[in-house]
Amino acid sequence: MASNVNPTVRRRRLGQELRRLREQKNMTAEQVADRLLVSQSKISRLENGRRSISQRDVRDLCGVYEVEDERIVNSLMQMARESRQQGWWNAFGDVPYSVYIGLETAAASLRIYQSLVVPGLLQTRAYAEAVIAGSSPEVTEADVDKRVNVRMRRQDRIRGTEQPLRLWAVFDEAALQRVVGGPHIMREQLEHLIEVSQLPHVTVQVLPFETGAHPGVTGQYAILEFPEESDSSVIYLEGVTSDLYLEKSDDVHNYSLMYEHLRAQALNPEQTRKFIADTAKKYAR
């Protein structure tokens, strides 16, 4: 199987096709579940790409939807096979947010708002170690190291020269003032921010405290957009025990509009670099 096949994207596209076939038959997910003697939640998870789907599932669903064209059935079966292969992140074992990593790996652009720490794609290794160890004190040293390695591997999307991820990061001044790992690590992190912010495909903006209340006070989120028009944009909301993925057009529109307000209220990129440089000076002592 081709190594560039992204199983997360294959599951999403397969789920979209299965939903389209169901809607063409004017059937509800509950009706399909009753026919197959499975739970309605299973049908929903298959359609939203959050659950691995077997070729048997595809065959059974095609039977319910009375798909007679073998080319369509074979194409869907092929997508099911590809959706079950492993992504690069599987080599690191059990990764809590593997669905998000699959989406990020396939995305063409990412807009992210962070309120408390520097976004993961912009973190140095030392800063990432301190963040992960501090936020998950029950995690073993080996697991911290694994999660840091995954985070560093994800950064290949912005370091690479071939189709790099277009990244726009807005974060609160709190991320610069919170001393993570000690002054030396903070200075190294802020210097790294200045450096990476000068890449042509990366934009960094800071919301200073003096901005006051802004649309990001309700929490962090990310907006992922994909190169294929058939792949809808995704809003990612990170939780402690589970994550939320929103794909409805109204949700995407509302979060995108909120992000435009954040960008307008934040310091522009040049002002941001100066602000970060001035903040870094206090960590030199």
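All values below were derived from every heavy atom in this structure, side-chain atoms included, with hydrogens, water molecules and symmetry-related copies excluded.
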Looking at [X], I'd like to know if its [atom1] atom is crowded, meaning that more than 12 non-hydrogen atoms belonging to other residues, nucleotides or ligands lie closer than 6.0 Å.
{"X": "His201", "atom1": "NE2", "value": "yes"}
{"X": "Gln271", "atom1": "CD", "value": "yes"}
{"X": "Arg166", "atom1": "CZ", "value": "no"}

Closer than 4.0 angstrom, basic N to acidic O: yes or no for [X] and [Y]?
{"X": "Glu17", "Y": "Arg20", "result": "yes"}
{"X": "Asp143", "Y": "Arg147", "result": "no"}
{"X": "Arg154", "Y": "Glu104", "result": "yes"}
{"X": "Glu191", "Y": "Arg187", "result": "yes"}
{"X": "Asp69", "Y": "Arg71", "result": "yes"}

task = Would you kindly say whether Gln78 and Arg81 are connected by a side-chain donor-acceptor distance under 3.5 Å?
result = yes

query = Will you find, in the side chains of Arg273 and Asn268, an N or O donor that is under 3.5 Å from an N or O acceptor?
reply = no

Ile132 and Arg151: CA distance, side-chain angles, deciding distance, side chain to side chain contact (heavy atoms under 4.5 Å, CB included) verdict = CA-CA 10 Å; Ile132 293 171; Arg151 189 160 299 182; 3.9 Å; yes

message = Quick check with a 6.0 Å cut-off and a 45 degree axis cone: is Arg12 positioned over the face of Tyr245's six-membered ring?
response = no

query = Linking Ile, Leu, Val, Met, Phe, Trp and Tyr through side-chain heavy atoms less than 4.5 Å apart, which residues share a cluster with Leu262?
reply = Tyr113, Trp168, Val170, Leu207, Tyr221, Ile223, Ile235, Leu237, Leu244, Leu246, Val252, Tyr255, Met258, Tyr259

